[in-house]
Structures are given as structure tokens and as C-alpha cells.
Asks: 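The structure that follows is given in the form of C-alpha cells.
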Amino acid sequence: MSNLPSQKDAIAAALALYPTRPFAVSDIGSQTGWLKAASHDARNLYVSGPMGLATSVALGLAAVRPNEQVLAIAGDGALAMNLTSLATIVGAKPKNLSILLVDNRVYEFTASVPTPTRDMDWLAVGRAFFGADQCMRLADLTPERWAGVSRPAMIVADIAPAPAKPPALGMTPAMIRLEFLKASKA
Amino acid sequence: MAGQVASGEKLFRSIQAAKPKLVTGVPDGMLAQTIMLCEASPDFPYIACAREEECIGVASGAAMAGERAVVMVQNAGLLNSLGAFATMGLRYGLPFVVIVTNRGALADPNGYDIEKREAFDAGVRPMARVFDFDASDLPDDLIPAAFKWAEAARKPVILALEKRLGAEAAA
């Protein structure tokens with residue numbers, strides 16, 4: 001029995017670090033399913049694009065909503081597919097964007113095939129891009145500490161592989177877009 | 001060189017006239033002047049991406065919030081990004097504008113560009129609306145008109161800029 005949190009619990013814990021609900025942009029599949037299960041909200045943007053694109057989508061959102069906090073939620077397999085986005089984010093310097101990296105070392109939606117990054121130190125990767133003070137483990141964070149972390153920043157969460165996939169999203173692209181559009185204009 | 005600067009400035013002014021909330025891209029020689037003007041513009045942020053697929057993501061994030069976004073990439077870069085273009089731009093019906101330098105034209109015969117152009121014709125045109133333009137003779141209202149079209153169609157639009165025979169050198 002693993003002592004690691006589930007993906008659902010890790011996402012809920014990361015969202016709870018914020019005093020008010022941030023925009024949450026989740027990668028396709030596992031992150032989207034668990035975000036909805038953890039905390040469905042109109043401020044969630046469920047991405048159906050290629051794996052890993054959530055960090056880029058979140059960067060675009062952060063640029064046009066500079067007074068709002070944005071949290072991108074990426075799996076280890078997903079982020080490895082768009083690792084260059086971390087370099088782009090460092091260059092763009094958004095003061096309102098953070099990344100939650102949930103690392104279960106498998107492609108959960110693809111029969112839990114191990115990821116090529118399963119032995120990689122994501123904390124070291126995040127610190128190489130964002131700096132030691134801007135990348136930390138979820139387990140080490142409190143709302144007070146998180147409030148003092150400058151952005152862009154990255155949170156690394158080691159999580160337990162889930163015994164089953166999350167419940168289906170049950171939303172069409174039109175529903176996702178309309179709900180989010182309303183929330184993003186509010 | 002004079003033609004390159006003039007067309008680059010013209011494209012920038014047209015982008016500016018459309019009042020986008022952000023512009024994003026990966027450089028190509030034909031876009032260099034425009035990108036530098038965008039970088040320096042106080043009117044909107046220019047997000048320099050490390051890879052073209054990211055640009056589609058960045059534009060999608062802005063468009064999901066109902067804001068205008070412009071992407072600038074070369075044809076090879078858009079080819080790298082077709083999964084994102086389809087599953088974000090087309091699937092969600094996002095009206096962003098993609099400016100593509102369509103290298104490998106008759107007046108632009110670099111050997112390394114030929115297959116890019118053929119792949120662009122084979123892969124991009126069947127899935128998306130592409131409007132073609134002479135890079136050295138762009139309409140002033142190009143980008144505002146492209147946004148009007150995309151917003152009416154509720155999908156992204158691609159503007160393919162190419163060098164034409166007999167035209168002043170664009171890059």
C-alpha cells in the first residue's frame with residue numbers, strides 16, 4: 001500500500017493552496033478526469049489537445065488574464081511531451097502562472113505503460129528552469145508558504161498510480177468552451 | 001532588404017489594427033521584422049515559443065477566454081503542430097489567426113523547403129481554410145479581415161504568405 005496521495009487528492013491539495021480559486025488548465029485524459037473529480041468548477045479548462053499542451057494553453061490564458069492566478073496541471077508523461085514549454089514560460093515570465101506536475105511514473109490512460117521519465121528527478125528539472133525557490137514538492141507547501149512564492153513556479157507531486165481511470169468527463173467541447181468563456185469573462 | 005522591412009512593417013501594422021490580446025510565434029526569415037516589431041510593441045505581449053506546437057496552445061488559451069490571438073510560424077512549424085491545431089483550434093472552434101510563411105514557392109526554391117510546401121498542400125489545406133497572399137503586397141486590412149472571418153466561421157484561419165515571381169523580395 002503506497003503512502004503517496006492519489007492524483008485526485010494531490011490536485012485538490014494544490015488548489016487549496018490558493019486563497020481564491022485559480023483558473024486550472026488540465027492536460028487531456030488523466031489530469032482532466034481527476035481535476036473534474038477533485039473540484040469541478042467553471043474556472044477549469046479541460047484541454048483536449050495533444051498530451052502536454054496544458055502548460056502552453058495556460059501560458060496563453062495567463063497572458064490575457066494577468067490579474068488572475070492560473071495553475072496548469074500536467075502529468076509526467078504529458079509534460080515530457082512539451083518540455084520546451086518550460087523554457088518558453090521562463091522566457092515569458094508570467095507573474096501569475098504555476099505548474100502542478102503530478103508524477104505517477106506511468107501513462108495512466110494507456111494501460112499504465114511506464115513513462116520514459118519514470119527515473120527522472122522532476123524537482124531538479126523544475127529547479128533548473130524556475131530556480132530552487134520557485135520549484136518545490138507539494139508535501140512541503142502550505143498556503144502561507146505558497147503565497148510567498150514568486151511566479152512562474154512549479155509544484156512537484158509524487159502520486160500513487162490509480163487502480164482505475166477517473167470517471168468520464170461527460171462534457172462536449174462546446175460545453176467546455178462556453179462554461180469557461182463565461183467564467184473567464186466574469 | 002527595403003521590401004522586407006516594408007512588408008514586415010505593413011504586416012505589423014495590420015496585426016496592430018486587429019487589436020489582439022497576444023501574439024506568439026517562432027521566427028522565420030520572412031517574419032523576422034514583424035516579430036521584432038511585435039516584441040517591441042506596448043500594445044500586446046509577444047510570446048516567443050521554443051516550438052511551434054506551443055504557439056497553438058498559447059493562442060488557444062487566449063481564445064478560450066474570448067480574446068484575439070495571432071500565431072506566426074513557418075509552414076514546417078505548422079506541420080509540427082497539426083495535432084494541436086485540430087484538437088484545440090478545430091475541436092473547440094477557436095477563432096485565432098495563423099500567419100504561415102509558405103516557403104518553397106516558385107520564387108523561393110531552396111531545396112530544403114520543397115517538401116515542406118508539398119506537405120503543407122497535402123496535409124493542411126484539406127483540414128483548414130487557407131487564404132494565400134503575396135508576402136510583398138499584403139492588404140492593409142489583412143489581419144482585421146482574417147479575425148472577422150474566423151469569428152464568423154468559429155474556427156481558426158490560416159494566412160499563407162509566399163514570395164511571388166516578379167514581386168519585390170520579401171526576405
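Both backbone and side-chain heavy atoms feed into the values below; hydrogens, waters and symmetry mates do not.
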Asks: Can you tell me how far the CG atom of A:L59 sits from the CD1 atom of B:I47, to the nearest 0.5 Å?
Replies: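 If we round to the nearest 0.5 Å, A:L59:CG and B:I47:CD1 are 4.0 Å apart.
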Asks: Please look at B:A62 and chain A and tell me whether the side chain, the backbone, both or neither of the residue comes under 4.5 angstrom of a heavy atom of that chain.
Replies: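 Contact with chain A involves both backbone and side-chain atoms of B:A62.
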Asks: Could you give the distance from CE (B:M64) to CZ (A:R65), rounded to the nearest 0.5 Å?
Replies: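 Here the rounded value is 13.5 Å.
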Asks: By a 4.5 Å heavy-atom criterion (distance strictly below it), what part of B:A84 contacts chain A: side chain, backbone, both, or neither?
Replies: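 Interface part for B:A84: both.
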Asks: Please determine whether the number of non-hydrogen atoms from other residues, nucleotides or ligands lying under 6.0 Å from atom CG of B:L106 exceeds 12.
Replies: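 No, not enclosed.
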Asks: With only heavy atoms counted, which part of A:S184 is less than 4.5 Å from chain B, the side chain, the backbone, both or neither?
Replies: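 Side chain only.
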Asks: Are A:I11 and A:F109 in one and the same hydrophobic cluster, where Ile, Leu, Val, Met, Phe, Trp and Tyr link if side-chain heavy atoms are under 4.5 Å apart?
Replies: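 Looking at the clustering, A:F109 is in a separate group from A:I11.
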Asks: Specify the closest pair of heavy atoms between B:G93 and A:R177, including all atoms of both residues, with the distance to one decimal.
Replies: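 B:G93 and A:R177 have their closest heavy atoms at O-NH1, 2.9 Å.
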Asks: Using non-hydrogen atoms and a 4.5 Å limit, figure out which bit of A:I89 sits close to chain B: side chain, backbone, both or neither.
Replies: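 A:I89 has no heavy atom closer than 4.5 Å to chain B.
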Asks: Using modelled atom types only, decide if a donor and an acceptor are shared between the side chain of B:R51 and the backbone of A:N82 within a distance under 3.5 Å.
Replies: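 Answer holds: no.
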Asks: State the OG-CG distance between B:S60 and A:L61, to the nearest 0.5 angstrom.
Replies: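 Here the rounded value is 11.5 Å.
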Asks: Would you say A:V64 ends up clustered with B:V98 if hydrophobic residues are merged whenever their side chains have heavy atoms under 4.5 Å apart, either directly or through other cluster members?
Replies: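 Yes, B:V98 and A:V64 fall within the same hydrophobic cluster.
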Asks: Where does A:V47 contact chain B at under 4.5 Å (heavy atoms): side chain, backbone, both or neither?
Replies: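 Both backbone and side chain.
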Asks: Pick whichever of A:A174, A:S85, A:A183 has the most heavy-atom pairs under 4.5 Å with chain B.
Replies: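 Going by pairs under 4.5 Å, I would pick A:S85.
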Asks: Relative to chain B, which segment of A:L45 carries a heavy atom at a distance below 4.5 Å: side chain, backbone, both, or neither?
Replies: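 Side chain of A:L45 only, per the 4.5 Å heavy-atom cut-off to chain B.
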Asks: Against chain A, work out which of B:G89, B:A86, B:A50, B:A65 has the most heavy-atom pairs shorter than 4.5 Å and name it.
Replies: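 Of B:G89, B:A86, B:A50, B:A65, B:A65 has the most heavy-atom pairs under 4.5 Å with chain A.
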Asks: Heavy atoms only, distances under 4.5 angstrom: which of A:I176, A:T172, A:V25 has the most pairs with chain B? Name it, please.
Replies: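 Among the listed options, the one with the most contacts to chain B is A:I176.
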Asks: Hey, does B:E67 have a side-chain heavy atom less than 4.5 Å from the side chain of A:K185?
Replies: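 Yes, close enough: below the 4.5 Å cut-off.
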Asks: According to a 4.5 Å side-chain heavy-atom criterion applied to Ile, Leu, Val, Met, Phe, Trp and Tyr, with indirect links allowed, do A:V113 and A:L79 form part of one hydrophobic cluster?
Replies: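 Per the 4.5 Å side-chain linkage, A:V113 and A:L79 are not co-clustered.
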Asks: Of all heavy-atom pairs between B:Y92 and A:Y46, which one has the smallest distance, and what is that distance?
Replies: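 Between these two residues, the closest heavy atoms are OH-O, 2.5 Å.
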Asks: Going by heavy atoms in the side chains, are A:V57 and B:V58 under 4.5 Å from each other?
Replies: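 Side chain of A:V57 against side chain of B:V58, heavy atoms only: no contact under 4.5 Å found.
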Asks: Could you check whether atom NZ of A:K36 has more than 12 heavy atoms from other residues, nucleotides or ligands sitting under 6.0 Å from it?
Replies: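 Correct, the count exceeds 12.
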Asks: Any idea which heavy atoms bring A:G60 and B:L22 closest together, and the distance?
Replies: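 A:G60 and B:L22 have their closest heavy atoms at O-CD2, 3.6 Å.
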Asks: Would B:F120 and B:V73 show up in the same hydrophobic cluster when neighbours are defined by side-chain heavy atoms closer than 4.5 Å?
Replies: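 Yes, it is one cluster - the side chains of B:F120 and B:V73 are joined through contacts under 4.5 Å.
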Asks: So do B:E54 and A:T55 actually touch side chain to side chain, heavy atoms under 4.5 Å?
Replies: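 No, their side chains stay 4.5 Å or more apart.
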Asks: Quick one: which of A:T84, A:I28, A:L53 has the most heavy-atom pairs under 4.5 Å with chain B, could you say?
Replies: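 Heavy-atom pairs under 4.5 Å are most numerous for A:T84.
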Asks: Answer yes if the side chains of B:R91 and A:S48 hold a donor-acceptor pair under 3.5 Å, and no otherwise.
Replies: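 A donor-acceptor contact under 3.5 Å links the two side chains.
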Asks: For residues A:M154 and A:F23: do they belong to one hydrophobic cluster (side chain heavy atoms under 4.5 Å, members Ile, Leu, Val, Met, Phe, Trp, Tyr)?
Replies: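 Yes: a chain of side-chain contacts under 4.5 Å links A:M154 to A:F23.
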Asks: Does a sphere of radius 6.0 Å around CZ in B:R154 hold more than 12 heavy atoms from other residues, nucleotides or ligands, not counting ones at 6.0 Å or beyond?
Replies: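 Check fails, neighbour count at 12 or below.
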